[in-house]
Chemist: 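Quick one: the structure is below, questions incoming.
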Amino acid sequence: AYYVDNGIGQTEKMHEMNSRDKRELQHEILTLLGLHQRPKPKSSTTKDSAPTFMLSLYNSITSDNGVVKDDSTFHTSHNVTVGDSVVQPIEGTDIIISFVNKAKKVPHLRHEKDRTFFFDFSDVTAKETVVGAELRLYKEKSKKWKKNHEFQIQVFMLRQGKDPEDKILDPLSNITVNANTEGWITFNMTRAAELWTRQPEANLGLFIKVLFVSKGREINPNKLGIVSYRGSEDKKPFMVGFFSSQELVYPQR
Amino acid sequence: TQTALRRRRELYSYREEQEKYTDYNLSRHKRGASGGGRWPCQRRSLYVKFRDLGWQSWIIAPDGYHAFFCEGECSFPIGNHVNATNHAIVQTLVHMYTPFKAPSPGCAPSKLSAQSVLYFDDDGNVVLKKFPKMIVTSCGCH
């Protein structure tokens with residue numbers, strides 16, 4: 001409905017929209033948001049790991065009610081990155097997208113779900129330029145090892161080898177942690193995001209290895225306390241992409 | 001006879017044209033405060049409520065946003081409380097002398113700011129997007 005203030009501190013309903021008006025208004029605002037139709041997400045709880053992170057980012061970037069503090073681009077004092085040489089991707093960013101891990105739906109990844117990730121970048125158009133990207137893994141304390149034992153977490157981008165079955169591990173980022181490290185660990189995924197935005201078909205997913213530094217042998221990431229697809233929703237891994245985009249061009253109607 | 005008839009028709013249509021404008025001015029005058037009548041050009045409050053559009057399932061934040069809009073007169077003399085472009089001042093003069101040829105300056109946004117929206121897309125990814133020029137921060141005569 002359309003309400004107006006009546007001059008003595010109250011609002012009065014001026015006009016009640018019928019369903020056609022309402023549909024047209026929704027369509028107008030969706031077009032304004034650059035969307036063809038309203039999204040219908042299967043799950044839309046903000047308690048999951050990615051929405052929780054994005055909501056805290058939203059609150060830190062915008063002042064009250066979502067107004068962007070500076071009209072140029074997002075900027076924040078929010079420390080979005082922990083560890084690894086991730087560029088501060090917030091400056092110069094217009095769109096920030098979190099990506100859900102869909103490895104269990106990808107045939108060549110679903111047999112090693114503790115180590116594999118797939119983030120679908122196919123909706124990111126060539127109009128968006130990658131400013132930065134990061135993979136966020138949550139690590140719980142591991143009781144199996146001594147506190148000060150060190151482990152190196154290595155993240156690889158899967159690349160196509162010579163024959164269809166052959167996959168190559170392209171090193172992307174690695175971080176060394178202690179067995180009792182707890183919290184979110186961030187890995188720089190900018191190179192992978194740039195490739196997947198430019199060539200969506202090159203996206204074959206990510207693969208991680210965990211190396212017991214002093215013993216020089218691999219261990220299962222679960223043993224180190226890295227939360228994978230089986231963990232609680234608020235600690236599941238996700239990726240965040242920071243993009244700058246050209247001015248929204250509204251379709252002529 | 002035909003000439004006289006034609007002349008009378010022309011006169012009648014001319015007068016109808018004039019009355020149309022007169023009516024408009026009268027009605028605007030009569031409406032006064034509530035209908036954009038004699039208010040100087042200014043920013044008025046308009047709140048767009050996403051929640052009322054039934055979009056809670058996919059818009060995470062905000063619930064709605066202050067879009068504002070511009071309304072009011074840009075007529076001679078333009079007071080300095082209405083930030084008008086220099087050209088708008090000239091335009092009011094021209095409008096005053098030839099009201100049916102040159103329109104008065106328009107009351108429109110002179111400054112805009114961005115609004116960010118946080119929402120789920122179809123795949124359950126979360127998008128935080130900044131939409132530039134969505135909020136009127138000030139109005140003026142242009």
Side-chain angles (χ1 to χ4, degrees), chain A residues 1-7 22 25-26 29-30 32-35 37-46 48 50-55 57-59 61-62 64-74 93-100 102 119-120 122-123 238-241 243 245 247-248, chain B residues 31-39 42-72 109-138:
Chain A
Y2 188 76
Y3 296 86
V4 288
D5 56 13
N6 62 3
K22 189 174 175 183
L25 179 64
Q26 284 173 339
I29 294 185
L30 280 171
L32 207 64
L33 298 174
L35 297 168
Q37 78 260 341
R38 62 169 285 173
K40 293 188 179 63
K42 294 178 196 53
S43 106
S44 58
T45 162
T46 54
D48 291 1
T52 304
F53 169 80
M54 293 294 280
L55 190 54
L57 196 58
Y58 168 87
N59 290 329
I61 283 175
T62 58
D64 60 359
N65 218 13
V67 177
V68 179
K69 286 177 190 153
D70 166 2
D71 198 5
S72 54
T73 55
F74 291 131
T93 302
D94 298 312
I95 302 176
I96 303 171
I97 304 175
S98 71
F99 297 88
V100 179
K102 297 191 173 170
F119 303 102
D120 186 355
S122 58
D123 280 345
F238 61 94
M239 205 172 148
V240 185
F243 306 87
S245 75
E247 187 83 16
L248 266 182
Chain B
R31 265 188 284 142
S34 66
R38 285 281 158 217
W39 284 28
Q42 61 189 270
R43 188 177 78 151
R44 301 293 301 273
S45 155
L46 170 69
Y47 186 75
V48 176
K49 208 167 179 186
F50 292 140
R51 189 162 288 280
D52 277 359
L53 290 168
W55 286 354
Q56 309 85 300
S57 65
W58 63 281
I59 286 200
I60 303 173
D63 278 345
Y65 76 102
H66 290 281
F68 299 101
F69 68 98
C70 301
E71 186 183 43
S110 47
K111 248 200 258 136
L112 292 156
S113 75
Q115 169 69 41
S116 58
V117 178
L118 186 70
Y119 61 92
F120 283 106
D121 71 7
D122 280 324
D123 292 328
N125 295 326
V126 176
V127 181
L128 170 55
K129 198 180 228 183
K130 176 187 69 69
F131 295 93
K133 299 177 192 154
M134 233 158 92
I135 297 176
V136 175
T137 48
S138 69

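Since the structure is predicted, the reported quantities are computational estimates derived from the model, not experimental observations. All chains are named by letter (A, B, ...) in the order of the sequence lines, taking the proteins before the strands, and each is independently numbered beginning at 1.
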Chemist: Which residues pass the ring pair (Phe, Tyr, Trp, His ring centres under 6.0 Å) test with A:Phe243, sequence neighbours left out?
Modeler: none
Chemist: Measure the spacing between CD1 of A:Ile29 and CD1 of B:Ile59 and express it to the nearest 0.5 Å.
Modeler: 8.5 Å
Chemist: Which one, A:Gln26, A:Met54, A:Gln37, A:Lys42, leads in non-hydrogen pairs under 4.5 Å with chain B?
Modeler: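 Ranked by heavy-atom pairs under 4.5 Å with chain B, first place is A:Gln26.
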Chemist: Let's go through A:Leu32 and B:Met134 carefully: what are the C-alpha distance in whole Å and the side-chain angles of both, what is the deciding distance for side chain to side chain contact (heavy atoms under 4.5 Å, CB included) to 0.1 Å, and is it a yes or a no?
Modeler: CA-CA 9 Å; A:Leu32 207 64; B:Met134 233 158 92; 4.0 Å; yes
Chemist: Counting only heavy atoms closer than 4.5 Å, note whether B:Leu53 contacts chain A via side chain, backbone, both or neither.
Modeler: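 Answer is both: backbone and side chain atoms of B:Leu53 are under 4.5 Å from chain A.
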Chemist: Between A:Arg38 and B:Ser57, which heavy-atom pair has the shortest distance, and what is it?
Modeler: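 Shortest heavy-atom separation between A:Arg38 and B:Ser57 comes out as NH2-OG, 3.0 Å.
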Chemist: For A:Asp48, is it the side chain, the backbone, both or neither that has a heavy atom under 4.5 Å from a heavy atom of chain B?
Modeler: neither
Chemist: Quick one: OH on B:Tyr119 to CG on A:Leu35, what's the gap to the nearest 0.5 Å?
Modeler: 4.5 Å
Chemist: Got a donor-acceptor contact below 3.5 angstrom from the B:Asp122 side chain to the A:Pro41 backbone?
Modeler: no
Chemist: Please rank A:Val240, A:Leu30, A:Leu25, A:Asp120 by heavy-atom pairs under 4.5 Å with chain B and give me the top one.
Modeler: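 When all of A:Val240, A:Leu30, A:Leu25, A:Asp120 are compared, A:Leu30 has the most.
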Chemist: Let me see the working for A:Phe119 and B:Asn125 under side chain to side chain contact (heavy atoms under 4.5 Å, CB included), right down to the final yes or no.
Modeler: CA-CA 10 Å; A:Phe119 303 102; B:Asn125 295 326; over 6 Å; no
Chemist: Taking all non-hydrogen atoms of both residues into account, name the closest pair between B:Phe120 and A:Pro39 and its distance.
Modeler: O-CB, 3.3 Å
Chemist: Could you measure the distance from the CZ atom of B:Phe131 to the CG atom of A:Asp94? Nearest 0.5 Å is fine.
Modeler: 10.5 Å
Chemist: I'd like to know which of B:Val48, B:Leu46, B:Leu118 tops the heavy-atom pair count under 4.5 Å against chain A.
Modeler: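 Between B:Val48, B:Leu46, B:Leu118, the count favours B:Leu118.
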Chemist: Residues in salt bridge (Lys or Arg N to Asp or Glu O under 4.0 Å) with B:Asp123, at least two apart?
Modeler: A:Lys102
